[in-house]
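Per chain, numbering begins at 1; letters A, B, ... match sequence-line order.
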Number of protein chains: 2
Amino acid sequence: MQDRLRAWEDDFVPSFWSAKNAMLQAAGVAFERHGVREGQQFVLMCLWREDGLSPGEIARRLSLATPTVTRTVTRMETSGLVERHPHPTDARLVSVRLTERGQGLRAALDAEMNALSERALRGFGEEERRAFTRMLDALTANLRAER
Amino acid sequence: MQDRLRAWEDDFVPSFWSAKNAMLQAAGVAFERHGVREGQQFVLMCLWREDGLSPGEIARRLSLATPTVTRTVTRMETSGLVERHPHPTDARLVSVRLTERGQGLRAALDAEMNALSERALRGFGEEERRAFTRMLDALTANLRAER
DNA sequence: ACGGAAACATTAGTCGGCTAACGAAAAAGC
DNA sequence: GCTTTTTCGTTAGCCGACTAATGTTTCCGT
């Protein structure tokens, strides 16, 4: 679509949208062979850093809606990546814990993630990569700020 | 999540993912008041440039899978944005045509799109915006190339 | 001319986002 | 201490993305 939709003065939105879809597809392919769906790796990432978090806390850390995490956790439970446990003191909370399989995937997914970055950013210089990431973070901050 | 998931040497992927989600949400809010769902504006964009395209052709121009367009068109038909017509010479093809309402939304959605860009890129200089868009296009090209 | 191959749209089913509505448990207020 | 409010997780339902499978129609090769 890149060349065909330059109707706006600022063609940033279509470019971002194309990039988003390309990344989604590439990530899907990259993770499917590990039995992990695109998006689930970020939940795993949270739990690698701190196991036993609640769905709500995961949602907060990932800036997602809680129901999104709830359902994702259910699917990850089905595929044996995590388990739900009751919280010891607060009966409202649910503790999401990694299974052995969930823990064991860390290195593989780490490598997959780096490979994905490398493919996406091929031809980008060091400084350019940093600038790109910085701009993405600025964009996120801009959009999350005024709401 | 921005500060909490810096586990990889290259934290580009989480940054992109956050930006993607922020953009999706912002776009959803921006377009919903016009009765247009996030994603549908790109189909409209195609048809504004050239009305009567087939679902497959739209999919090709937007780099989407055909079923995605098929179902989107069905929903847009329901909400009165487009209509399906038979192709005059090729019975396999379907011609997707804008309704008056679909045509009339052009200016409003154009403005909404520019406002979204502006919000997302607040604080970015002219050159920075161009560089950002260029990098997004490069990313898309990288990922679409080696498949 | 006819039979197989290719192109096209659609349906069905999966997953990841969201909002809205619920019900249960803890906290806060009186 | 009891009621109200807040917090939390889940369910239900919408939409956008995908793949796989189906059924037509056209096209091509023999």
Side-chain angles (χ1 to χ4, degrees), chain A residues 1 17-33 35-44 53-60 62-79 81 84-96 143 147, chain B residues 1 17-32 35-44 53-60 62-79 81-82 84-96 143 147:
Chain A
M1 97 172 232
W17 188 74
S18 289
K20 175 211 82 174
N21 285 336
M23 277 289 289
L24 264 180
Q25 183 140 3
V29 172
F31 294 126
E32 79 178 348
R33 58 174 150 255
V36 174
R37 298 296 190 151
E38 200 287 319
Q40 299 184 352
Q41 79 267 29
F42 296 106
V43 173
L44 290 175
L53 292 173
S54 67
E57 181 59 27
I58 294 171
R60 234 169 281 128
L62 296 177
S63 297
L64 290 176
T66 310
T68 301
V69 175
T70 294
R71 208 169 38 180
T72 297
V73 163
T74 301
R75 284 175 181 144
M76 293 173 76
E77 209 174 8
T78 301
S79 58
L81 294 170
R84 267 182 241 252
H85 293 280
H87 191 276
T89 68
D90 191 335
R92 292 173 303 179
L93 294 172
V94 164
S95 175
V96 181
L143 293 180
R147 281 204 57 197
Chain B
M1 95 171 230
W17 188 72
S18 289
K20 174 211 83 172
N21 285 337
M23 276 290 287
L24 265 181
Q25 183 140 3
V29 171
F31 293 127
E32 79 177 347
V36 175
R37 298 295 190 155
E38 201 289 318
Q40 299 185 352
Q41 79 267 26
F42 296 107
V43 174
L44 288 175
L53 293 173
S54 67
E57 180 59 27
I58 294 171
R60 233 169 282 127
L62 296 176
S63 297
L64 290 176
T66 309
T68 302
V69 175
T70 294
R71 208 162 42 173
T72 297
V73 164
T74 300
R75 283 174 182 144
M76 293 172 77
E77 209 174 10
T78 301
S79 58
L81 294 170
V82 299
R84 265 183 243 252
H85 293 281
H87 191 277
T89 68
D90 191 335
R92 292 173 303 180
L93 294 172
V94 165
S95 175
V96 181
L143 293 180
R147 283 196 53 201

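Looking at every heavy atom in both residues, A:Glu38 comes nearest to A:Gly28 through CG-N, 4.1 Å. Here the shortest heavy-atom pairing between A:Leu64 and B:Trp17 reads CD1-CH2, 3.7 Å.
Here D:dG16 presents its P atom at 12 Å from CG of A:Asn21, a figure rounded to the nearest Å. Taking atom CG on B:Leu81 and atom C1' on D:dC15, their separation rounds to 14 Å, with Å as the unit. If you take CG of B:Leu24 and P of C:dT19, they are 12 Å apart, rounded to a whole angstrom. If you measure from atom CD of B:Glu32 to atom C1' of C:dC18, you get 10 Å, rounded to the nearest angstrom. In this structure, CE of B:Met23 is placed 16 Å from C1' of C:dC18, rounded to the nearest angstrom. As rounded to whole Å, 13 Å separates atom P of D:dA17 from atom CD1 of B:Ile58. Computed from coordinates, the A:Met76 CE to C:dG16 P distance equals 9 Å when rounded to whole Å.
Sorted by first and then second residue, the side-chain hydrogen bond (donor to acceptor under 3.5 Å, both in side chains) pairs with a member in residues 64-76 of chain B read B:Thr74-B:Arg84; sequence neighbours excluded.
OP1 or OP2 of D:dG16 sits under 4.0 Å from a side-chain N or O of B:Gln40. Dashed line: the shortest gap from a side-chain N or O of A:Arg75 to OP1 or OP2 of C:dC15 is under 4.0 Å. Contact between the side-chain N/O atoms of B:Trp17 and the OP1/OP2 oxygens of C:dG17 is found at a separation under 4.0 Å. Not one side-chain nitrogen or oxygen of B:Gln25 sits closer than 4.0 Å to the OP1 or OP2 atom of C:dG17. Phosphate proximity of D:dG16 to B:Thr68: absent, as no side-chain N or O sits under 4.0 Å from OP1 or OP2.
Not counting sequence neighbours, the partners of A:Leu93 by the side chain to side chain contact (heavy atoms under 4.5 Å, CB included) test are A:Ser54, A:His87, A:Asp90. B:Ala26 is linked by a side chain to side chain contact (heavy atoms under 4.5 Å, CB included) to A:Leu143, B:Leu116, B:Arg119, counting only residues two or more places apart in sequence or in another chain.
Within 4.0 Å of A:Ala65, counting heavy atoms only, lies at least one base atom of the nucleic acid.
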* **Heavy-atom protein contacts under 4.0 Å, nucleotides 2-12 of chain D, coded B base, S sugar-phosphate only, - none** => -----BSSBB-
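Without hydrogens or angle criteria, B:Glu57 side chain to B:Pro55 main chain gives no donor-acceptor distance under 3.5 Å.
Two end axes, each from the C1' atoms of five base pairs, can be drawn for the helix from C:dA1-D:dT30 to C:dC30-D:dG1; they diverge by 10°, to 10 degrees.
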